[in-house]
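Structure record follows, encoded as structure tokens.
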Amino acid sequence: MPDAASYVTAVAARDMAAKFNRSDFSRWAARARATGGCAQPIHLRGTVEYRDPMTGALLHRYSTSREPNGNLRVACKTRRASRCPACAEIYRADTYQLVRAGLVGGKGVAKTVAEHPAAFVTLTAPSFGPVHSRREMAGGEIAPCRPRRNSAPCPHGRRVSCTARHAVDDHRLGQPICPECFDYAGAVLWNAHAPELWRRFALAFRRYAAKAAGLRVGDLREVLTVSFAKVAEYQRRGLVHFHAVIRLDGAGGPDASPPAWATHELLAAAVDHAAGAVKVRTVAASGVPAKTHAWGSQIDVRAISSSGELTDNAVAGYIAKYATKAAECVGTLDRRVRPTDDVAELPVSAHARRLIAECIRLSGISEFATLRLAEWAHMLGFRGHFSTKSRRYSTTLGALREARMMHNEREHPATTGRLPFEDDEILVIAHWRYVGQGLTPGEMLLTAALTGKPLPAIRGIP
Ligand SMILES: [Zn+2]
Ligand SMILES: [Zn+2]
Ligand SMILES: [Zn+2]
């Protein structure tokens with residue numbers, strides 16, 4: 001008897017063959033290429049009219065009715081590799097360019113920015129209970145996880161000790177040694193307040209820099225701009241942490257030299273001070289004790305240079321890689337938890353299930369209502385942005401996208417066909433309607449074959 005996977009594969013192959021034999025296949029294939037191999041394209045219906053701005057005469061009309069199935073497919077542009085590897089790759093490459101431009105110049109940023117003090121900073125969460133972990137010792141050997149020979153058992157009768165040297169893919173990594181001892185409420189509330197901790201960190205950083213220069217904080221911007229680009233990443237224990245590039249510029253931003261007192265040493269001291277100084281308090285409610293949330297003690301500040309231990313290219317690469325990951329890397333969902341979902345049945349790890357359940361539980365307590373924890377349960381409470389940058393850091397993703405779109409439209413004028421006139425002299429009237437999203441398994445296989453882009457996981461196909 002055929003198993004489920006070969007059944008799904010056979011259905012996908014039949015679906016693929018049917019698509020291939022259709023008369024509009026070449027048009028379909030051209031769109032699959034134009035979306036860059038997007039695995040979950042958005043389907044639009046509508047028209048675009050090009051009119052003479054003086055006379056109103058119709059010069060050209062594009063309608064999706066001539067497209068396969070009457071739909072135009074456009075790329076989803078997600079940053080999440082688990083949903084669409086092709087679009088996430090574009091997002092990663094753009095983020096790399098954006099971060100790199102802020103370190104070495106280019107994309108409209110002066111090359112002299114490379115001389116400004118810049119550091120790669122990691123701010124982590126504190127401990128909410130011992131978890132299985134993997135640490136590499138000097139020399140590359142893996143240290144035992146948490147050896148405690150004579151530790152008393154925890155209140156749940158477990159010895160909070162683990163002598164395993166965990167492999168990188170060990171599913172126990174990040175899972176609590178005693179789940180009953182793990183402070184789930186604390187962990188979820190910390191995730192929910194991480195964006196606020198970052199905001200307070202950035203303020204404390206500026207206050208420290210101002211004080212060091214003998215200025216009032218309000219006057220700092222007259223001489224110094226603190227620019228940053230940051231990404232959030234989940235650790236396996238389900239807590240978010242931040243990686244950031246922090247750079248010191250003059251008052252005009254990346255094109256202006258910072259004052260002489262704004263050194264690497266000042267930058268490092270300001271990070272240390274600000275990370276240790278900021279706190280957010282949450283009140284006691286319904287059995288959850290009052291808590292003070294702060295950064296964990298593992299704070300890392302490393303100077304970035306073009307040739308030293310930590311190069312600008314390496315930093316741009318790290319940040320870009322983290323930017324396409326989301327909470328699903330810790331074994332949670334890559335979508336919202338719906339009110340109809342049974343949390344016990346969700347395909348997630350035991351630890352993620354408890355974090356999700358805790359979000360839902362705390363969402364019912366009025367003191368935590370503003371945190372919208374049920375809505376953000378799949379993110380384990382974190383509702384911030386994954387990658388953000390200050391206005392003056394470098395270029396924007398929007399600008400990079402627009403440059404690429406202009407290039408693509410010149411290369412494959414797929415939407416409109418070649419226009420018989422210069423496009424800046426005309427009036428464009430567009431009407432679009434969203435009609436759906438996604439590809440059938442067969443279309444997905446064909447898209448991957450046509451574009452050479454990786455596939456996301458298809459349910460039922462290993
Ligand atoms: Zn996509
Ligand atoms: Zn362990
Ligand atoms: Zn315990």
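Order of listing sets the numbers, starting from 1, for every ligand and every atom in it.
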Any side-chain donor near an acceptor of the partner, T47 and H431, under 3.5 Å
no
Quick one: do E141 and R165 make a salt bridge, cutoff under 4.0 Å?
yes
Indicate, with yes or no, if the rings of W190 and F382 have centres closer together than 6.0 Å.
no
Could you tell me whether R61 sits above the aromatic face of Y50, with NZ or CZ closer than 6.0 angstrom to the six-membered ring centre and within 45 degrees of the axis?
no
E180/R354 salt bridge by N-O under 4.0 Å criterion
yes
Would E67 and R27 count as a salt bridge (Lys or Arg N to Asp or Glu O under 4.0 Å) here? Give the steps.
CA-CA 7 Å; E67 299 289 348; R27 178 67 194 154; 2.6 Å; yes
Under-2.8 Å protein N/O/S neighbours of the Zn ion (ligand 1), ordered by chain then residue number
C38 SG, C76 SG, C84 SG, C87 SG
Starting from the C-alpha separation in whole Å, work towards a yes-or-no answer on salt bridge (Lys or Arg N to Asp or Glu O under 4.0 Å) for R302 and D300.
CA-CA 7 Å; R302 286 188 284 164; D300 191 44; 3.1 Å; yes
Which word best sums up how the rings of F25 and W28 line up, parallel for under 30°, tilted for 30 to 60°, or perpendicular for over 60°?
parallel
Just to be sure I understand the site: which N, O or S atoms from the protein are less than 2.8 Å away from the Zn ion (ligand 3)?
C154 SG, H156 ND1, C178 SG, C181 SG
Ignoring waters, how many protein N/O/S atoms are under 2.8 Å from the Zn ion (ligand 2)?
4
Is the ring centre of Y434 less than 6.0 Å from the ring centre of H43?
no
Applied to residues 332-368, the ring-ring contact (aromatic ring centres under 6.0 Å, His included) test, sequence neighbours excluded, yields F182-H351, Y184-H351
If you count heavy atoms of other groups shown closer than 6.0 angstrom to CD of Q298, is the number above 12?
no
Residue pair K453 / T447, side-chain heavy-atom distance below 4.5 Å:
no
Between the side chains of T282 and H293, is a donor N or O closer than 3.5 angstrom to an acceptor N or O?
yes
